[in-house]
Amino acid sequence: MRISSTFVALPLAFALLHGASAGAQDASTQPVVQVIGTGGTIGSAGDYWKGNPARVPIAQLMQVPGIDSIARIGTEQLWNVASSAIGPACWMELSRHISTLFRERRDLAGIVVTHGTDTMEETAYFLDLTVEGERPVIVTGSMRPSDMAGADGPANLTGAVRVASDRNARGRGTMVVMDDRLFSARDVTKTNSTRVETFQAPERGPLAIIDPEGVFYRQASPNRTAPQFALTGITTLPRVDIAYAYAGADGAAIDAFVAAGAQGIVVAGVGRGGATPAQREALTRARAHGVVVVASTRTGAGRVPGSVTDATIGAGDLNPQKARVLLTLALTRTTRPDEVARIFQQNQ
Ligand code: ASP
């Protein structure tokens with residue numbers, strides 16, 4: 001799916017033209033940040049609202065006034081697609097690419113990934129669980145296309161580069177920068193279909209606020225150095241589907257997922273992870289086929305409790321799409337429900 005890959009250093013002259021902010025370093029002492037473009041609204045222009053946008057290359061998007069006073073920036077266009085086209089195979093490709101870059105480029109302070117906002121939280125969480133090393137990966141995007149009045153892409157890119165350059169960002173895993181706030185990939189979710197302040201972390205809040213003076217964290221870094229899951233030797237990820245619970249739902253979708261080869265099912269349950277009687281019967285049939293079932297909530301916040309001895313594993317406060325990412329990776333290690341339950345408990 002790769003489109004092209006180039007390394008383009010932004011011209012230093014740009015900083016002189018636009019005036020570097022106080023504290024700007026000269027190019028030889030600046031942190032180095034690689035920006036990987038994958039598409040999304042941030043890379044769109046033209047007939048966006050008619051569903052036929054022009055795609056803007058990442059090197060052009062990075063022409064943001066003042067951004068090269070923060071870091072020396074390289075760019076590469078990995079893909080240029082809407083985030084609805086990004087799924088598990090792309091997650092693995094992107095994660096491996098980032099781990100390779102970190103291994104080969106000791107000069108990099110961090111990496112920024114631009115991504116459509118619709119499924120950004122899923123890609124970011126997968127990277128959080130799998131990318132090697134302690135240096136930061138920052139995922140960002142925008143709610144408004146690049147040529148719209150009030151476009152939020154330039155500010156989000158500036159914030160993302162600021163965090164990726166920051167030594168205090170190390171050991172915190174993959175994070176998302178949107179609207180001057182930094183979120184953990186695990187906690188963040190898109191809560192509004194159109195507004196620029198759409199990204200929130202229900203119950204847990206942002207990790208930091210970002211402004212021109214710096215990045216202001218709420219807590220010290222947990223100093224993570226290794227990913228939770230290694231992708232070594234994995235060629236394809238197990239199929240995991242999400243079954244939505246709603247009044248009167250029958251078991252047709254769950255039976256169809258099992259017939260299609262699902263190894264795991266996440267229930268986007270009502271309230272504290274509930275399903276209808278017909279869905280519960282279908283889930284019992286699924287378990288009899290060896291499918292591992294995790295219950296989450298469709299409410300948008302709050303916990304679904306679970307225990308290692310329960311037949312159904314609780315997702316805690318992971319939303320359905322995050323629980324699916326964790327279950328997908330957990331199933332690469334074990335298909336035993338009690339061990340999967342333990343992995344979910346460790347990720348609370
Ligand atoms: N449809 C876009 C995407 O996710 C939305 C966005 O980027 O904000 O690719």
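All ligand and atom numbering here is 1-based and tracks the order in the structure.
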So do the side chains of P222 and R172 get within less than 4.5 Å of each other, counting heavy atoms only?
yes
Would you indicate whether the side-chain heavy atoms of M178 and V176 approach each other to under 4.5 Å?
yes
Who clusters with Y48? Use side-chain heavy atoms, under 4.5 angstrom, across I, L, V, M, F, W and Y, and order the result by chain and number.
W49, M148
Is there a donor in the side chain of Y217 and an acceptor in the side chain of D166, or the other way round, less than 3.5 Å apart?
yes
As a test of reading the model: which residues have a non-hydrogen atom less than 4.0 Å away from ligand 1?
G40, T41, A82, S83, G116, T117, D118, S142
Between E281 (side chain only) and A278 (backbone N and O only), is there a donor and an acceptor less than 3.5 Å apart?
no
State, with a plain yes or no, whether a side-chain heavy atom of T198 is found less than 4.5 Å away from one of T117.
no
